[in-house]
**Q** 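Have a look at this one.
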Protein chains: 2
Amino acid sequence: MSSSNPGSGSGAGEALIERAFALLGSFDSEHRALPLAGLTHRTGMPRSTVLRLARQLTAVGALERLDDGRFVIGLRLLEVASLAPRGHGLRAVAMPFMEDLFHVTGQHVLLAVRDNDEALLVERLSAHDAAPVRFRVGERVAMTTTGVGLVLLANAPVDVQERGLRAFVPVDTDDTLRTADDLRRGLAEIRRGDYAVARRTDPRAPRTTVAAPIRNGRDVVAALSVVVPSPEFDPAAYVPAVRATARAISRQLTTTDAFG
Amino acid sequence: MSSSNPGSGSGAGEALIERAFALLGSFDSEHRALPLAGLTHRTGMPRSTVLRLARQLTAVGALERLDDGRFVIGLRLLEVASLAPRGHGLRAVAMPFMEDLFHVTGQHVLLAVRDNDEALLVERLSAHDAAPVRFRVGERVAMTTTGVGLVLLANAPVDVQERGLRAFVPVDTDDTLRTADDLRRGLAEIRRGDYAVARRTDPRAPRTTVAAPIRNGRDVVAALSVVVPSPEFDPAAYVPAVRATARAISRQLTTTDAFG
DNA sequence: TCTTCCGTTCCACTCAGTGGCATCGACGGT
DNA sequence: ACCGTCGATGCCACTGAGTGGAACGGAAGA
């Protein structure tokens, strides 16, 4: 079946679980509340199917329904998701230390983990008067364009690194990483120094990120970073603080063990 | 649970979605990683069914599998859950203000919303040296035994309040709320003053909570609180700070509108 | 008023999901 | 080393849970 349809081919159904998560996945940060028609359009599934599915999801609390009939992601998912060891488990351990770092630097503090070939932002602390950051908690970000991403990529299995190098596309707001070879050298440098510095020369919001790895035993399980607007102090001044905090979290993590 | 299926005709299963969430729900804070057998036992479903379901959930990222074969909640759920307006949507707006309150008071800061007849903890800020708190982010807490719960209950629809009053069981670490009538008066008092103070005389960790409602327009959508160890200063000293912060969040919330 | 779009209900078909059974493998006790 | 136990996985005939096309009612808009 050629997928002339947006979404999935017609046919009699993918696995239900897959469909359910496709439905949940049709929400995004610009569409936190969707009417039935929106869900139908975004999933490419028949109306009746979407309605039935959405109702079942509502019944278990994965979705909630607003007064105007639109659907939104429900609290049940928050409840379940809070048990993810690599998500809130990690977060619970890291938060107090991130607080400290945030307090001392007054800059954005980010915590991210690797999920396959992408990084996923687990936590972000921001002052309301701080420079805006693009990234939302729960959002996926490319590994080659962020400080945390670079740290995670540098410490990822070789196959992930190779895919990352192969898929690398230079960003025009980054004048240090132009080629895949630059990236390769950069990753080696990050492994050697155990931290990363990424500069963005975006004229609207130039900023520099200092990132360091967080370990559970030997494995790098997350990355911590501070994002500072570039016309600020020398970013190098933040390196010790970020590294020290990352190591503190690592120690705590190794002793407590986030997994049951 | 009970051996095999209860005789009621449904030999072949509840709705699949229901089962999937029952499976996800069998994780809890003491069991963040479960082997197949654990899932089988906790759900009461047949082995093969659990395995198939768990695999499908793993395929979509709702679960992840550790090297030792155990299952854990996956990052995909965190990603989806972060779009819940009443969860991370609210959180995103409230966080900077909570940060401020946290820095000023140095005490636990809690953010909770009501979900039917319970309160659900959406965010918690804690210093590492602060007194331990029982409540985890994502956890459900009774409405009559916490500061945030009382605020939410006081501003809930009448039917919720009535169920709360009817189901009320006094806690022996609370010497101010002994009867349902105490509770009724307490709720009225909370509505009048627009804040709540709850004292716990637990000998091991006596503490006092100051809580205030957060509004989106007219509706109370959440509650904010500060938890202080009781041998501290007069809790009344925290009331203005908590109320002011709650109002600041309310204003921000009303102007930005957490829903898309 | 007429048209259009949306949410909803209904129903006969059928394939995805079911679960009992057999097999394989990993420990652990004697 | 041997055996016993338990947990994980593969297999497969059965069946009812899920499917989606069609039709209905109602609200918004022209």
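Labels below follow one simple rule: chain letters A, B, ... track the order of the sequence lines, proteins then strands, and each chain is numbered from 1.
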**Q** Look at the side-chain N and O atoms of Thr49(A) and state whether any lies under 4.0 Å from the OP1 or OP2 oxygen of dT19(D).
**A** no
**Q** Given atom CG of Leu51(A) and atom P of dC24(D), what is their separation to the nearest angstrom?
**A**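 Those two atoms, CG and P, are 18 Å apart.
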**Q** Which residues satisfy the side-chain contact (heavy atoms from CB on, under 4.5 Å) test with Thr146(A), sequence neighbours excluded?
**A**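 side-chain contact (heavy atoms from CB on, under 4.5 Å) list for Thr146(A), sorted by chain: Phe135(A), Val141(A), Val148(A).
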**Q** With respect to the side chain of Leu16(B), which nucleotide from dT9(D), dG17(C), dG7(C) is positioned closest?
**A** dG17(C)
**Q** Looking at CZ of Arg166(B) and CG of Leu183(B), how far apart are the two atoms once the value is rounded to the nearest 0.5 Å?
**A** 12.5 Å
**Q** Taking only residues two or more places apart in sequence or in another chain, which ones pass ring-ring contact (aromatic ring centres under 6.0 Å, His included) with Phe97(A)?
**A**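 Phe97(A) satisfies ring-ring contact (aromatic ring centres under 6.0 Å, His included) with His128(B) once adjacent residues are dropped.
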**Q** Apply side-chain contact (heavy atoms from CB on, under 4.5 Å) to Ser48(A) and list each qualifying residue two or more places apart in sequence or on a separate chain.
**A**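 Arg52(A).
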**Q** Looking at Arg19(A), I'd like to know whether one of its side-chain N or O atoms comes within less than 4.0 Å of OP1 or OP2 on dG20(D).
**A** yes
**Q** Run the side-chain contact (heavy atoms from CB on, under 4.5 Å) test against Asp159(B) and tell me which residues pass, sequence neighbours left out.
**A**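 In terms of side-chain contact (heavy atoms from CB on, under 4.5 Å), with neighbours along the sequence ignored, Asp159(B) is linked to Pro157(B), Arg163(B).
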**Q** Expressed as a whole number of angstroms, how long is the span from Asp68(B):CG to dC27(C):P?
**A**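 Distance check: Asp68(B) CG to dC27(C) P gives 11 Å.
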**Q** Calculate the interatomic distance between Ile17(B) atom CD1 and dG16(D) atom C1'; express it in whole Å.
**A** 16 Å
**Q** Angle between the end axes of the helix from dT1(C)-dA30(D) to dT30(C)-dA1(D), five pairs per end, to the nearest 10 degrees?
**A**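 Terminal axis comparison yields 50°.
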**Q** Could you tell me the separation between the CG atom of Leu153(A) and the OG1 atom of Thr145(A), rounded to the nearest 0.5 Å?
**A** 11.0 Å
**Q** Whole Å only: how far is the CG atom of Leu39(B) from the P atom of dG7(D)?
**A** 13 Å
**Q** Would you indicate whether the side-chain heavy atoms of Ile73(A) and Val80(B) approach each other to under 4.5 Å?
**A** yes
**Q** Just how far, in rounded Å, is P of dG25(D) from CG of Leu36(A)?
**A**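 Answer to the nearest Å: 19 Å.
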**Q** Among the nucleotides dG7(C), dG10(D), dT8(C), which one has an atom lying closest to any side-chain atom of Arg55(B)?
**A** dG10(D)
**Q** Check the distance between dG18(D)'s P and Leu23(A)'s CG and give it to me in whole angstrom.
**A**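 Going from CG in Leu23(A) over to P in dG18(D) covers 15 Å.
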**Q** Can you tell me the distance, in whole Å, between the CE atom of Met45(A) and the P atom of dG20(D)?
**A**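 After rounding, the reported distance stands at 9 Å.
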**Q** With no hydrogens and no angle check, do the side chains of His88(B) and Arg136(A) hold a donor and an acceptor under 3.5 Å apart?
**A** no
**Q** Could you list the protein-to-nucleotides 21-23 of chain D atom pairs, N/O on both sides, closer than 3.5 Å?
**A**
from	atom 1	to	atom 2	distance (Å)
dG21(D)	O6	Ser48(A)	OG	3.1

**Q** Ignoring hydrogens, what is the shortest heavy-atom contact between Thr255(B) and Gln252(B)? Give both atom names and the distance.
**A**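 Closest pair (atom of Thr255(B), atom of Gln252(B), distance): OG1-O, 2.9 Å.
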**Q** How close or far is atom P of dC5(C) from atom NE2 of His41(A), stated in whole angstroms?
**A**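 Between P of dC5(C) and NE2 of His41(A): 14 Å.
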